[in-house]
Amino acid sequence: MSFVRRYVLAAVLPYTALATLLLTGALLGQQLGRIADTGPGLVAGAVVRQLLPGVLLFTLPMGTLVGTLVGFARMASDGELTAMRAAGASAWHTTVPVLTLGALLAAATLYAGLEAAPAAARHLRRTVALAALRAAETPAAPRSFNAALPGKVIYVRDGEAGRWGRVFIRSQERDGTVRLVTARS
């Protein structure tokens, strides 16, 4: 019966991997398009690494479902499931490998949702903010207002190239709340 289990896994795993890869690529592309307007200072590899855990929360379960459905549909259409049943393999022998694979991928999704995705989201927020500040850093002249960042107005009292002194930032969030930030440098 171990041959049946290996055969079922071999029939389901490639479709699961391909579906997960395609769905991850599509969602990563959509997320990268949303973040791409923050400036040229973003390092693409770091952003992809920080987006990946959050994207895998959706694509691992969907890829597993699609891979299982396609794998079993292919085996059913080729008559392989009927041949296995005729050879004495029960339904339990054909579903145990898929249930085991599902449990392993569910554990990976649980880890991504509880540990990896929140940490990556914090790092991504910091990376995007630093890239936006680097993009706005160059035209800031002392004693002037800078509105280069969307939704933010920055006033720099003094400073030189690469370093601002006595900074005031007014930020309006998407929900309408206004945030005021002051800093010495």
Side-chain angles (χ1 to χ4, degrees), residues 1-132 134-135 150-151 173-176:
M1 288 305 150
S2 67
F3 174 75
V4 171
R5 291 179 180 159
R6 281 194 311 260
Y7 189 81
V8 169
L9 266 182
V12 169
L13 234 115
Y15 296 113
T16 301
L18 183 63
T20 303
L21 185 69
L22 290 175
L23 290 168
T24 302
L27 283 178
L28 268 178
Q30 185 264 338
Q31 293 293 319
L32 283 173
R34 189 175 57 96
I35 292 178
D37 61 342
T38 58
L42 281 179
V43 178
V47 171
V48 168
R49 214 174 32 252
Q50 292 164 355
L51 284 173
L52 197 58
V55 169
L56 285 176
L57 285 175
F58 297 102
T59 59
L60 272 176
M62 286 189 298
T64 304
L65 176 65
V66 169
T68 303
L69 290 174
V70 171
F72 274 109
R74 186 196 59 82
M75 286 192 303
S77 70
D78 291 346
E80 294 170 346
L81 289 177
T82 306
M84 285 182 207
R85 295 291 299 243
S90 67
W92 180 250
H93 287 103
T94 57
T95 57
V96 165
V98 177
L99 290 175
T100 305
L101 176 68
L104 289 173
L105 292 177
T109 304
L110 184 66
Y111 170 76
L114 294 178
E115 294 291 327
R122 282 191 301 274
H123 291 300
L124 179 64
R125 218 174 294 122
R126 189 173 338 147
T127 301
V128 169
L130 286 174
R134 284 191 188 117
E173 304 298 325
R174 289 184 180 172
D175 63 355

Nearest 0.5 Å please: distance from the CD atom of Gln31 over to the CD atom of Gln50.
13.0 Å
For Gly71 and Val12 the tightest heavy-atom approach is CA-CG2, 4.3 Å
Is any side-chain heavy atom of Pro61 closer than 4.5 Å to a side-chain heavy atom of Leu105?
no
What heavy-atom pair brings Arg49 and Pro53 nearest, and what distance separates the two atoms?
O-CD, 3.3 Å
Could you tell me which non-hydrogen atom of Leu57 sits nearest to which non-hydrogen atom of Ala117, and how far apart they are?
CD1-CB, 4.0 Å
For Thr64 and Thr20, the nearest pair of non-hydrogen atoms, with its separation, is N-OG1, 4.3 Å
Would you mind reporting whether Leu23 and Phe58 have side-chain heavy atoms less than 4.5 Å apart?
no
Measure the shortest side-chain to side-chain distance between Thr24 and Leu52 over non-hydrogen atoms and say whether it is less than 4.5 angstrom.
yes
Ala11 and Arg74: which non-hydrogen atoms are nearest, and at how many Å?
CB-NH2, 3.4 Å
If you look at every heavy atom in Pro118 and Gly113, which pair is closest and at what distance?
CD-O, 3.6 Å
Output yes when a side-chain donor or acceptor of Thr94 lies under 3.5 Å from a complementary backbone atom of Ala91, and no otherwise.
yes
Let me confirm one number: the OG1-CG distance from Thr109 to Leu114, rounded to the nearest 0.5 Å.
10.5 Å
Measuring from Leu13:CG to Arg6:CZ, what's the distance to the nearest 0.5 Å?
14.0 Å
Rounded to the nearest 0.5 Å, what's the gap from CG on Leu110 to CG on Leu60? Could you check?
12.0 Å
Can you find a heavy atom in the side chain of Leu124 that is under 4.5 Å from one in the side chain of Leu51?
yes
Have a look at Val8 and tell me which of Met84, Glu80, His93 forms a side chain to side chain contact (heavy atoms under 4.5 Å, CB included) with it.
Met84
With rounding to the nearest 0.5 angstrom, report the CZ to OG1 distance, Phe72 to Thr95.
7.0 Å
Output for pair (Thr68 OG1, Leu101 CG), nearest 0.5 Å, gives 6.5 Å
